[in-house]
J.: 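First, the structure itself, so that you have it in front of you.
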Amino acid sequence: AAADVASRPKAKPPIRLLFIEDSEDDVILLLHRFRDAGYAPTYRQVMSEAEMHEALSAEHWDLILCDHNLPGFSAQAALRLLQDLALDLPFIIVSGVMQEDEAIAAMRAGAHDYLSKNKLERLIPAVERELREASNRREKRLAEQTLRQSEARAKRLQNTLGVPVSAQPTRRQDVDFIFLAATPQQARQIKPTLAFQYAGDLPVYATSHLYTGGQNPTQYQDLEGIRF
């Protein structure tokens, strides 16, 4: 019994998967891969542009797994819809048959990776890589937003004082760690802000109250690195 427990994969955070796929058997096959890796996925299967649009409008998803060709729909059309909706979601094509030039065209159109249904060993590593990349993009957008807000404050201060104002963010050398007493929403801003302020290596500690127990894993990705 002890050996069985030791051999089980470590439980992973909840993950929400949107499948654009006309084969229920293929969806089940992919779900087995996630469950074998320790995930407990929540998922939805869609097969048309209208169904995809409704799913993206109604719910939040962490990842899209899309077949290359479906009756009346395709990965290229799905990518166009995703871009029209201005959503930054990892998009991985999982297809049985796809020519190399088609795969290259899909990657140029915005797909993040392409996998063969006959060779799924890369599925979980590719998914976890793209989830990390999506988290990095969110942190970058937050840092850029913070910079714009800082520049706006500096401009208002300069207008008030009537003299030039400049500032250069640098890492404080008199701080060894941060103990965080904040709401979960506030806490999600601390790591991107520290990274922007050249202090991404500063240890951050908090109590477990930052974890609310929700089933949306993306709300905890910005808490990565905080020690409980």
Side-chain angles (χ1 to χ4, degrees), residues 5-6 8-18 34-35 37-43 56 58-64 85-92 112 124-158 160-161 165-228:
V5 172
R8 293 175 187 170
K10 183 180 179 181
K12 303 289 182 68
I15 188 169
R16 296 180 58 82
L17 306 173
L18 181 61
F34 281 94
R35 289 166 180 152
Y39 288 97
T42 299
Y43 75 97
L56 291 172
E59 301 180 70
H60 171 82
W61 304 98
D62 300 311
L63 180 82
I64 296 176
L85 295 174
L87 295 175
D88 182 9
L89 288 176
F91 189 104
I92 297 177
H112 294 98
I124 300 303
V127 164
E128 293 178 341
R129 180 195 69 233
E130 293 307 326
L131 289 175
R132 288 193 300 271
E133 291 297 322
S135 178
N136 290 339
R137 291 194 296 273
R138 285 193 301 274
E139 291 182 2
K140 181 180 179 181
R141 287 194 295 270
L142 180 57
E144 290 171 346
Q145 179 184 0
T146 302
L147 176 60
R148 289 192 296 270
Q149 293 171 344
S150 177
E151 290 173 341
R153 288 194 298 269
K155 186 175 182 180
R156 290 195 299 270
L157 181 61
Q158 179 172 301
T160 300
L161 298 176
V165 174
S166 62
Q168 174 63 44
T170 57
R171 162 75 186 274
R172 289 181 58 165
Q173 301 300 315
D174 59 343
V175 178
D176 296 319
F177 68 90
I178 292 175
F179 184 85
L180 196 59
T183 66
Q185 182 178 8
Q186 293 169 330
R188 287 194 290 272
Q189 301 177 34
I190 187 67
K191 293 297 287 186
T193 300
L194 288 175
F196 173 72
Q197 297 293 346
Y198 307 97
D201 59 340
L202 189 65
V204 180
Y205 297 87
T207 62
S208 60
H209 76 282
L210 296 185
Y211 179 77
T212 60
Q215 294 301 307
N216 181 0
T218 59
Q219 67 180 323
Y220 303 117
Q221 288 178 348
D222 289 330
L223 300 181
E224 291 182 4
I226 296 180
R227 306 174 189 181
F228 299 99

J.: Does some side-chain heavy atom of Leu56 sit less than 4.5 Å from a side-chain heavy atom of Leu89?
T.: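 Leu89 vs Leu56: side chains touch.
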J.: List in chain and number order the residues that pass salt bridge (Lys or Arg N to Asp or Glu O under 4.0 Å) with Arg129, two or more places apart in sequence or in another chain; answer none if no residue qualifies.
T.: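 Listed in chain order: Asp113.
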J.: Output all residues satisfying salt bridge (Lys or Arg N to Asp or Glu O under 4.0 Å) with Glu133, sequence neighbours left out; order by chain, then residue number.
T.: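 Counting only residues at least two positions away or on another chain, Glu133 forms no salt bridge (Lys or Arg N to Asp or Glu O under 4.0 Å).
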J.: Working to the nearest 0.5 Å, report the span between CD of Gln145 and CZ of Arg148.
T.: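 Result: 6.0 Å between the selected atoms.
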J.: Closest heavy-atom contact between Phe34 and Pro41?
T.: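 Smallest heavy-atom distance, with atoms named: CB-CG, 4.2 Å.
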J.: Crowded around Phe179 CZ? As in, over 12 foreign heavy atoms under 6.0 Å?
T.: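 Yes.
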J.: Can you see which heavy atom on Ile92 is nearest to which on Glu130, and at what distance?
T.: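 Looks like CD1-CG, 4.2 Å.
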J.: Please find the pair of heavy atoms, one from Pro90 and one from Asp62, that lie closest to each other, and give the distance.
T.: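 Here Pro90 and Asp62 meet closest at CD-O, 3.2 Å.
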J.: Can any side-chain N or O of Ser135 pair as donor or acceptor with the backbone N or O of Leu131 at less than 3.5 Å?
T.: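 Such a contact is absent between Ser135 side chain and Leu131 backbone.
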J.: Quick check: do Leu87 and Trp61 have side-chain heavy atoms less than 4.5 Å from each other?
T.: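 No. Closest side-chain heavy atoms not under 4.5 Å.
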J.: List in chain and number order the residues that pass salt bridge (Lys or Arg N to Asp or Glu O under 4.0 Å) with Arg141, two or more places apart in sequence or in another chain; answer none if no residue qualifies.
T.: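 With neighbours one apart ignored, the set is Asp88.
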J.: Hey, does Ile15 have a side-chain heavy atom less than 4.5 Å from the side chain of Val127?
T.: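 They are in side-chain contact.
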